[in-house]
Amino acid sequence: MTTEKLHHIGADLYLPNDFAEYDMPTEYDGLSVSVTIHWDSASAEHRLTKIEIKSRDGNINSGTIGRLRPNKLKRTAIGKHILHKLSPTRYEWWQFKPLPRRNHRRGLNDAELKSLARIYVAARYGDGDAHDR
């Protein structure tokens with residue numbers, strides 16, 4: 001991906017400006033949702049531009065739609081598309097990696113601080129809590 005199609009979210013993590021996540025499961029049995037997300041640079045916010053609801057049994061009603069939480073859907077999709085910049089031209093999907101347990105009397109080293117920053121940035125935008133990680 002070129003950097004014009006990505007935006008920086010903190011540490012060395014990036015998100016595509018436009019992406020979609022298909023067939024995300026929901027807490028309702030037999031219901032899945034697909035979303036399309038766009039980065040709006042004017043408001044510095046991710047926007048849901050499309051939501052598609054699918055049901056295995058064909059039973060979608062206004063009550064079901066009303067219980068879906070768009071912000072949770074958006075955060076779940078964003079969390080799956082966070083990229084870690086390895087070099088000026090190489091990226092990989094970011095995955096949570098816990099910091100090793102050890103005695104930190106002297107504090108964290110640079111690599112550990114960067115890992116910690118990634119955890120908090122990813123939790124801010126994705127579907128997670130940095131304190132739970």
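This one's a predicted model, so the numbers in the text were calculated from it and none came from an experiment.
His46 and Asp40 share no side-chain donor-acceptor pair at under 3.5 Å. Looking only at atom types and distance, the side chain of His7 has a donor-acceptor partner in the side chain of Asn17 under 3.5 Å away.
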Steps toward side-chain contact (heavy atoms from CB on, under 4.5 Å) verdict (Leu83, Leu15): CA-CA 6 Å; Leu83 297 169; Leu15 274 170; over 6 Å; no

Full working for side-chain contact (heavy atoms from CB on, under 4.5 Å) between Leu73 and Met24: CA-CA 8 Å; Leu73 296 171; Met24 295 187 317; 3.7 Å; yes

side-chain contact (heavy atoms from CB on, under 4.5 Å) assessment of Lys74 paired with Val35: CA-CA 8 Å; Lys74 182 171 75 170; Val35 297; over 6 Å; no

Audit row: Trp39, Arg47, side-chain contact (heavy atoms from CB on, under 4.5 Å) steps and yes/no: CA-CA 6 Å; Trp39 171 250; Arg47 304 258 184 206; over 6 Å; no

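Judged purely by atom type and a 3.5 angstrom limit, Arg118 has no side-chain atom pairing as donor or acceptor with the backbone of Gly10. Of the possible donor and acceptor atoms, none in the side chain of Thr64 sits under 3.5 Å from a partner among the backbone N and O of Ile60. The main-chain N or O of Ala44 is never found under 3.5 Å from a side-chain atom of Ser41 such that the two would form a donor-acceptor pair. With hydrogens and angles disregarded, no donor-acceptor distance shorter than 3.5 Å links the side chain of Thr36 to the backbone of Ala20.
To the nearest 0.5 Å, the span separating OH on Tyr28 from CD1 on Ile53 amounts to 11.0 Å. Atom-to-atom distance recorded for Ser115:OG and Asp12:CG is 8.5 Å, nearest 0.5 angstrom. Atom NE2 of His84 sits about 6.5 Å away from atom CG of Leu13, to the nearest 0.5 Å.
Residues satisfying the side chain to side chain donor-acceptor pair (under 3.5 Å) criterion with Asp110, sequence neighbours excluded, are absent altogether. Take Thr26 and apply the side chain to side chain donor-acceptor pair (under 3.5 Å) test, not counting sequence neighbours, and it matches no residue.
Side-chain atoms of Glu21 and Thr76, non-hydrogen and from C-beta on, never get closer than 4.5 Å to each other.
Using a 4.0 Å cut-off between charged nitrogen and carboxylate oxygen, Glu52 and Lys54 count as a salt-bridge pair.
Here the closest non-hydrogen pair linking Ile37 and Thr49 is N-OG1, 4.2 Å. Minimum interatomic distance between Ser34 and Tyr22 (heavy atoms only, all atoms of both residues): OG-CA, 3.4 Å. The minimum heavy-atom distance linking Ile9 with Val121 is given by the pair O-CG1, 3.5 Å. Pairing each heavy atom of Leu31 with each of Ser55, the nearest pair is CD1-CB, 3.9 Å. A pairwise comparison of heavy atoms in Tyr125 and Ile78 identifies O-CG2, 3.4 Å as the closest pair.
Trp93 and Tyr14 fall within the same hydrophobic cluster, where Ile, Leu, Val, Met, Phe, Trp and Tyr residues are linked whenever their side-chain heavy atoms come under 4.5 Å apart, directly or through other members.
Pairs of residues two or more places apart, or lying in two chains, never qualify as salt bridge (charged side-chain N to carboxylate O under 4.0 Å, His left out) while including a residue from residues 57-67.
Other residues, nucleotides and ligands contribute at most 12 non-hydrogen atoms within 6.0 Å of the CD atom of Gln95.
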